[in-house]
Amino acid sequence: MKNRIYEMYERLFERFSYQYWWPAQTKDEIVIGAILTQNTAWHNVEKAISNLKNSNLCSLSKIHTSNIEDIKDCIKPAGFFNQKARYLKNTADFFIKNGSFSKLNSYDAQTLRKMLLSIKGVGKETADSILLYAFDKAIFVVDAYTKRLVKRHNLIDTLSYDAIQNLFMQNLIKDAKLFGEYHALIVKNAKEFCKSKPLCEHCPLLGV
DNA sequence: CACCAGGAATGTA
DNA sequence: TACATTCATGGT
């Protein structure tokens, strides 16, 4: 398999090696972090998660049963705390209602994706992050960095989520580990290089 | 000081 | 379908 999409992965991996995403200790924490990081810098999410842990609220069951005002107090550093507290509640309710990860994991990826998307507060990127990193489903996550990447490299003539996701999934082996590291590498590279200017001289994707 | 960060829901045309 | 607005804190 030799194509531009996979070649970019090789370049990124050569430069940055393993990222070991998702950075979390439990599956619950992955889901919680996926919601808290919506349009929010990760280091602020870490503060929010740290607060949740200190209050013993960093699990879906705890979020399900606890007072929403207590959740708000913990997650304020992550911003949008009013709606994110509701989103966390909605998501926790979903998992309590529909069962554990191992039970939900018996659904195929697309069925589970639709279920997750029915939660108010879970859009495509959040759903796919949960599918990939908490359920180990081979679903490629598309974020703002990914869109910027395909735009700068003229990889496709649209910026629609589905089209970009298909571009990656159709040009890669369907492997959750690969997808997970690739997405992490795109984020890593975006933070490291080329924040405003495309393709600076140190970017590992030059010439791909 | 302005601008952005690992988005999603809602409203408008 | 395709944009525009709103949500909010904290770093640069």
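In the text below, chain A, chain B and the rest are named by the order of the sequence lines, each starting its count at 1.
Looking at Tyr182(A), its side chain never comes within 3.5 Å of a backbone N or O of Met8(A) through a donor-acceptor pair. In this structure, Lys174(A) contributes its side chain and Met169(A) its backbone to a donor-acceptor pair below 3.5 Å.
Annotation: proximity of residues 78-88 of chain A to DNA chain C (heavy atom, distance under 4.0 Å) is found for Gly79(A), Phe80(A), Phe81(A), Asn82(A), Gln83(A), numbered in ascending order. Listed in residue order, the members of residues 24-51 of chain A having a heavy atom less than 4.0 Å from DNA chain C are Asn39(A), His43(A), Asn44(A), Lys47(A).
Residues Ile5(A) and Leu185(A) share a single hydrophobic cluster, defined by chaining ILVMFWY side chains whose heavy atoms lie under 4.5 Å apart.
Counting non-hydrogen atoms of other residues, nucleotides and ligands closer than 6.0 Å to NZ of Lys72(A) gives a total above 12.
Side chains of Lys84(A) and Thr40(A): a donor-acceptor N/O pair is present below 3.5 angstrom, by distance only. Side-chain polar atoms of Asn105(A) and Ser102(A) form no donor-acceptor pair below 3.5 angstrom. Between Tyr161(A) and Asp128(A), the side chains place a donor N or O and an acceptor N or O closer than 3.5 Å (distance only, hydrogens not considered).
Atoms CG (Asp73(A)) and C1' (dT9(C)) sit 14 Å apart, rounded to a whole Å. Atom CG in Leu116(A) sits roughly 15 Å away from atom C1' in dG7(B) (whole-Å rounding). For the pair Ile119(A) CD1 and dG7(B) C1', the interatomic distance rounds to 15 Å; values are reported in whole Å. The separation between Ile75(A) atom CD1 and dG10(C) atom P is 12 Å, rounded to whole Å. Taking atom CG on Leu159(A) and atom P on dG7(B), their separation rounds to 15 Å, with Å as the unit. Taking atom CG on Asn90(A) and atom P on dG7(B), their separation rounds to 19 Å, with Å as the unit. Atoms OH (Tyr182(A)) and P (dG6(B)) sit 18 Å apart, rounded to a whole Å. Summarising the geometry, the separation between CD1 on Ile186(A) and P on dA5(B) is reported as 15 Å, rounded to the nearest angstrom.
Considering Leu52(A), Thr26(A), Asp28(A) as possible partners of Cys58(A), the one that fulfils the side-chain contact (heavy atoms from CB on, under 4.5 Å) test is Leu52(A).
Ion pairing of Glu192(A) with Arg15(A) is absent here, as no side-chain N (NZ or NE/NH1/NH2) approaches a carboxylate O to less than 4.0 Å.
Remark: the separation of the P atoms in dA8(C) and dT10(B) is 14 Å, to the nearest Å. Rounded to whole Å, the separation between the C1' atoms of dC3(C) and dG6(B) comes to 23 Å.
When each of His183(A) and Leu117(A) is assigned the nucleotide of DNA chain B with its nearest heavy atom, His183(A) is the one assigned upstream, toward the 5' end.
In this structure, of dA9(B), dA5(B), dG7(B), it is dA9(B) that holds the atom nearest to the side chain of Lys120(A).
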